[in-house]
Number of protein chains: 2
Amino acid sequence: MDPKETLKAHILKTATLTDKEFDYLFSYFKLQSFKKGQAIISEGDRVDHEYFVISGCLKAFFINDEIKMYILQFAMPTWWTSDYGALYNHTRATISVDCISDAEVLCLSNDDREKICSEIHQAEHFFRWRTNRGYLASQKRLLSFMNNDTKARYEELLAMYPQLYNLVPKHLIAAYLGVSRETLSRLYNAQK
Amino acid sequence: MDPKETLKAHILKTATLTDKEFDYLFSYFKLQSFKKGQAIISEGDRVDHEYFVISGCLKAFFINDEIKMYILQFAMPTWWTSDYGALYNHTRATISVDCISDAEVLCLSNDDREKICSEIHQAEHFFRWRTNRGYLASQKRLLSFMNNDTKARYEELLAMYPQLYNLVPKHLIAAYLGVSRETLSRLYNAQK
DNA sequence: TGGAGAATGTGATGTACATCACCTAAGCCC
DNA sequence: GGGCTTAGGTGATGTACATCACATTCTCCA
C-alpha cells in the first residue's frame with residue numbers, strides 16, 4: 001500500500017491528471033503515522049488539515065454534555081476525514097478524530113487544497129465529486145435514521161462494511177447507530 | 001425578483017465570472033412555474049434536472065411503505081434541490097419534489113451542469129462550494145438527530161427558518177422532524 | 001503474570017414516542 | 001352555501017429505547 005500510488009489511483013478514478021500534475025498535487029501532502037488511540041483532532045483545536053486514510057481505521061465523533069459520544073464516520077483506507085465545518089469556516093473543532101487502530105494518513109491543508117483547486121481545474125473537479133459523494137452518503141444515512149429502526153440500521157451497517165464487525169468494539173458501533181451499548185447488545189443477543 | 005439577477009447574485013458570492021461567462025452559463029437554465037401542490041419529481045421518474053428556487057417553497061421528501069413521509073429539505077428561494085442520488089447515478093427517483101406554494105424555479109440539466117463545469121473552471125468552483133454547503137448542513141442535521149430530542153429540533157428549525165411557521169402546515173414540519181403529527185401537536189400545546 | 005481498566009451482558013424500571021380512535025374547525029369547489 | 005377534504009387537537013394504550021445497577025470476561029502493560 002504505497003501512499004502515493006493509493007492516492008493516485010483514488011483520484012484518477014474521477015479526474016484526468018498528467019503524471020506531472022499529480023506529482024505537483026502530491027507534493028502538498030504529508031504522510032503521518034498514528035498509534036491506536038491517538039488523537040488527530042480534538043474538540044477546541046484549530047483545524048487546518050484534512051486527512052486521507054492510507055491504512056488503519058479512524059473515527060470522527062462528537063461528544064455531547066461531556067458524556068455521550070456520537071460517531072459521524074468510520075474512516076477506512078481511501079476515505080477522507082476532518083472536521084469539515086471547522087476547516088471551512090475557520091472555527092474551532094467541535095468534532096474530534098482519533099485512531100481506532102494504528103493508522104497512516106496523508107494530510108492536506110485547507111489552504112493548499114484551495115491553491116491546488118484554483119491552479120488545476122481537474123483537481124477542483126475531483127474535490128467537487130468527492131464532496132458530492134459525502135453529501136449523498138450523509139443524506140442516505142439521515143433517511144435511514146428517520147425511516148429504519150436500530151436493528152435494520154445495524155444490519156445495513158454490517159452489510160455495507162463487514163470488516164467493522166471485527167475491527168471495531170461494539171460500543172463504538174452503538175455510538176455510530178445512535179443507541180446505547182446496552183440496547184445494541186440486547187438486539188443481537190435476542191435469539192429468536 | 002428577477003430570476004437571472006437572483007441566480008447571478010447567488011453565484012457571484014462564491015465564484016468570479018465575467019458577465020459574458022455568466023450569460024453563457026445562464027443560457028442553459030430554463031425558467032418554469034408551478035402551482036401549489038404540483039409535483040416536480042415523482043418517485044420512479046427519470047431524473048435529469050436540478051432546480052434553483054426563485055420564489056415559493058418546495059419540499060423534497062421520501063415515502064416509506066407507501067405510508068409515511070419524511071421530508072429531507074424545504075427548498076426556499078436561492079436553494080437548490082433535486083433527487084441528487086438519482087441525478088448523479090442515473091437511477092430512478094426515490095425522492096420526490098413538489099410545491100408547498102406556487103413557485104418559480106430555474107432548471108438545469110445534469111449534462112449541462114457537467115458541460116458548464118468542464119468549460120468554466122469558476123463554475124466548477126461554485127458547484128464544489130455549493131455541494132460542500134449541502135454536505136455540512138446534512139451532517140449538522142444528522143448530529144442534531146442523534147443528539148437532540150424532538151422539542152429541541154423543533155425549536156432549532158424555527159429559529160433557523162421562522163418563515164416556516166406560517167408557510168408550512170404543521171404535519172409537514174412533523175415529517176421534517178421525523179415524528180408523528182400527534183407528537184408535535186402535543187409538544188407545543190403542553191402549556192407548562 | 002497479575003491486576004486494573006475496558007468491553008460486554010443482563011435485569012429492573014422509567015419515558016418519549018407511535019399508533020389508533022375520535023373530535024372539531026377551517027379551506028375549497030361545484 | 002352545503003358538503004367534502006384537509007389540518008389539527010386530544011385521550012388511551014403499547015413499545016422501543018434509555019438509564020442505572022451490577023456481574024462477567026477480555027486485554028494489555030508495568
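Chain letters run A, B, ... following the sequence lines, proteins first and then strands; every chain starts at 1.
We find that OH of B:Tyr70 is positioned 12 Å from C1' of C:dC17, with the value rounded to whole Å. In this structure, B:Leu187 places its CG atom 16 Å from P of C:dT15, rounding to the nearest Å. Residue B:Lys170 contributes atom NZ, which lies 21 Å from atom P of C:dT24 at whole-angstrom precision. Protein atom CZ of A:Arg181 is 21 Å distant from nucleotide atom P of D:dA16, rounded to whole Å. In this entry the distance linking OH of B:Tyr154 with C1' of D:dG8 reads 12 Å, nearest Å. Atom P of nucleotide D:dT10 and atom CG of B:Leu184 are separated by 13 Å, given to the nearest angstrom. Between B:His171 atom NE2 and C:dA18 atom C1' there is a gap of 17 Å when expressed in whole angstrom units. If you take CG of B:Leu172 and C1' of D:dG8, they are 12 Å apart, rounded to a whole angstrom.
For the pair B:Lys151 and B:Tyr154, the cation-pi test (distance below 6.0 Å, angle within 45°) is failed. Under a cutoff of 6.0 Å and an axis angle of 45°, A:Arg141 and A:Tyr176 form a cation-pi pair. For the pair B:Arg113 and B:Tyr28, the cation-pi criterion (under 6.0 Å, within 45° of the ring axis) is not fulfilled.
Helix bend of the helix from C:dT1-D:dA30 to C:dC30-D:dG1: the angle between its two end axes, each built from five pairs, comes to 40° after rounding to 10°.
When the nucleotides D:dG9, D:dC20, C:dT19 are ranked by their closest atom to the side chain of B:Ser180, C:dT19 comes out on top. Among D:dG9, C:dT8, C:dC17, the nucleotide with an atom closest to any side-chain atom of B:Asp149 is C:dC17. Considering only side-chain atoms of B:Ser185, the nucleotide from C:dC17, D:dG9, C:dT10 that sits closest is D:dG9. The side chain of B:Tyr188 lies closest to D:dG9, out of C:dC17, D:dC17, D:dG9. When each of D:dT19, D:dA7, C:dT8 is scored by its nearest atom to the side-chain atoms of A:Pro169, the top-ranked nucleotide is C:dT8. Distance from the side chain of B:Asn189 is smallest for D:dT10 among the nucleotides D:dA7, C:dT10, D:dT10.
Annotation: of the two residues near DNA chain C, B:Lys36 and B:Thr150, the 5′-most nearest-nucleotide partner is B:Thr150.
Nucleic acid contact for A:Gly178: sugar-phosphate only, since backbone atoms but no base atoms lie under 4.0 Å from a heavy atom of the residue.
A donor-acceptor contact shorter than 3.5 Å is absent between the side chain of B:Glu156 and the backbone of B:Arg153.
A heavy-atom distance below 4.5 Å is not found between the side chains of B:Phe126 and B:Lys13.
Neither side chain, B:Glu43 nor B:Thr94, offers a donor N or O lying under 3.5 Å from an acceptor on the other. For the residue pair B:Tyr188 and B:Lys170, no side-chain donor N or O sits within less than 3.5 Å of a side-chain acceptor on the partner.
In the interface, the side chain of B:Glu182 is paired with the base of C:dC20 through a donor and an acceptor atom under 3.5 Å apart. Evaluation of atom-type donor-acceptor distances gives no pair under 3.5 Å for the side chain of B:Arg186 against the base of D:dG8.
Using a 4.0 Å cut-off between a side-chain N of Lys or Arg and a carboxylate O of Asp or Glu, A:Arg186 and A:Glu182 do not qualify as a salt bridge.
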